[in-house]
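Written below as structure tokens is the structure these notes are about.
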Amino acid sequence: MLNYFLKGEKGTRLRFIGMLLSAMLVLLSVFTLTQKGLNFGLDFTGGYLTEFTTSQSVELKELQSFIAKNHNGEFELTAQGNSHFQLREAPSASTTSTTATANSPDWQSAVTQNDDINAQVLSSAYIGSQVGDELFDQGCLAMFAAMIAVMIYLAVRFEWRLAVGSVVALVHDLILVLGLFSLLQIEFNLTVLASLLAIIGYSLNDSIIVGDRVRELLRVQSNNVLSPATIINNAIKSTLTRTLITSGTTLATVASVWLLAGAPLQGFAIALFTGIVVGTFSSICIAATLPELLGLSAKNYEVKVDAHTQTLLDMP
């Protein structure tokens, strides 16, 4: 099999090398996930969320430095606008879910009494860890339901080899995105979980475009003039322009969200950006290459005729 790919067309060799690279990245991602895990945000772990405004525009770094002087524990400060901020903090370790308190209430007094900041607290709410666990379970259930729906759809639409290639490409995309978040320890919150559901749909769309074209070309090659590798390469070439334009315009939109929407949507944009890139890659190197390894050929789409019908066809 290795010689088949190495001695084949240039496109076939590139697809095979890409599939090997994908396999190594998946192994690295799984290893990272098992060693470092995910950096779950307060949506899942529980903690305090406080929103406040300032009377004048304040630099985020300056405000963060000021709060750190009056805060005993870890916290995360994000800007929702020029004078609108959001502070997330874990409850003190000595408290329970029913008596949870902030690590340091002094910071609120400091920002509200400081004349240069003159903050006004809009809301302060505690998110319990039990609520976070329920949100995580519901999110995972939604992802599992989406995967099952995708598998049923692919089983009905494609020959099983193309369906297996699409499912493997989909799992590959999700694992690589999770591996990136684990490696960089980017906060994993509800918006990131929502982006994974969006990645499922986008990755499936890319795989279906390539799979449909492969199926069409195989059906018209019932005389086996061209090899399956050549047919798959032709299918990729005929859809590559459409795929790159679609991915490029989507990436431009997601990049704008990443750069301009601020910290609250940064994790969402990073996940989507990564998912689109690896989804486009996997639709070529996995969704189209794995079926070839499994023996996909034009014979799979030949119309089977019984002996009686064949006799009638052979009659003059």
Side-chain angles (χ1 to χ4, degrees), residues 36-136 139 180-195 253-274:
K36 302 180 68 173
L38 292 171
N39 178 25
F40 290 106
L42 295 181
D43 293 335
F44 299 124
T45 60
Y48 267 94
L49 175 63
T50 304
E51 291 191 31
F52 62 94
T53 59
T54 58
S55 59
Q56 55 187 350
S57 181
V58 182
E59 290 292 331
L60 180 64
K61 291 183 178 179
E62 294 179 2
L63 182 58
Q64 188 168 6
S65 177
F66 178 80
I67 293 177
K69 298 177 182 178
N70 299 276
H71 199 290
N72 297 328
E74 296 182 357
F75 66 91
E76 178 185 353
L77 182 67
T78 57
Q80 309 297 306
N82 292 333
S83 58
H84 189 180
F85 299 92
Q86 194 176 77
L87 187 140
R88 296 168 179 259
E89 55 183 330
S92 57
S94 60
T95 59
T96 64
S97 59
T98 57
T99 62
T101 60
N103 279 320
S104 177
D106 297 334
W107 72 269
Q108 291 190 21
S109 301
V111 296
T112 54
Q113 295 174 7
N114 186 282
D115 294 333
D116 294 331
I117 300 175
N118 193 20
Q120 179 181 0
V121 177
L122 300 178
S123 64
S124 182
Y126 175 73
I127 303 174
S129 58
Q130 184 177 359
V131 175
D133 292 340
E134 291 178 359
L135 290 173
F136 182 74
L180 177 66
F181 271 72
S182 176
L183 179 65
L184 301 180
Q185 285 295 289
I186 304 173
E187 181 181 340
F188 188 90
N189 50 34
L190 282 177
T191 59
V192 176
L193 186 59
S195 71
T253 304
V254 174
S256 300
V257 174
W258 186 353
L259 298 174
L260 304 175
L265 290 178
Q266 194 171 61
F268 176 83
I270 291 174
L272 268 185
F273 192 94
T274 307

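We use all heavy atoms of the structure for the numbers below, so side chains are in, but hydrogens, waters and symmetry mates are not.
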Problem set entry | Step-by-step side-chain contact (heavy atoms from CB on, under 4.5 Å) determination, F85 to V111 | CA-CA 12 Å; F85 299 92; V111 296; over 6 Å; no

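- Residue F268 is tested with N189, L190, T191 for a side-chain contact (heavy atoms from CB on, under 4.5 Å); the sole match is T191.
- Distance check: L77 CG to F52 CZ gives 5.5 Å after rounding to the nearest 0.5 Å.
- The nearest pair of heavy atoms linking S124 to Y48 is OG-CD2, 3.9 Å.
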For this session: Would you please test W258 and Q266 for side-chain contact (heavy atoms from CB on, under 4.5 Å) and show each step?
Result: CA-CA 5 Å; W258 186 353; Q266 194 171 61; 3.7 Å; yes

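- Between N118 and T112, the shortest heavy-atom distance links the atoms OD1-O, 4.0 Å.
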For this session: Go through the steps to decide whether V58 and F66 satisfy the test side-chain contact (heavy atoms from CB on, under 4.5 Å), and finish with yes or no.
Result: CA-CA 11 Å; V58 182; F66 178 80; over 6 Å; no

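- Taken to the nearest 0.5 Å, the CD1 atom of I67 stands 7.0 Å off from the CD1 atom of I117.
- Taken from CZ in R88 to CD in E51, the straight-line distance is 9.0 Å, to the nearest 0.5 Å.
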Extract all donor-acceptor atom pairs below 3.5 Å that involve side chains of residues 180-187 and protein atoms in other chains or at least two apart in sequence.
unit_1	atom_1	unit_2	atom_2	d
S182	OG	T32	O	3.2
S182	OG	G37	O	2.7
Q185	NE2	G37	O	3.3
Q185	NE2	S182	O	2.8

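- Around the CD atom of E59, the shell of radius 6.0 Å holds no more than 12 heavy atoms that belong to other residues, nucleotides or ligands.
- Between F273 and V254 the shortest heavy-atom distance is N-CG1, 3.7 Å.
- Checked by atom type and distance alone, the side chain of S65 never pairs as donor or acceptor with a backbone atom of K61 at under 3.5 Å.
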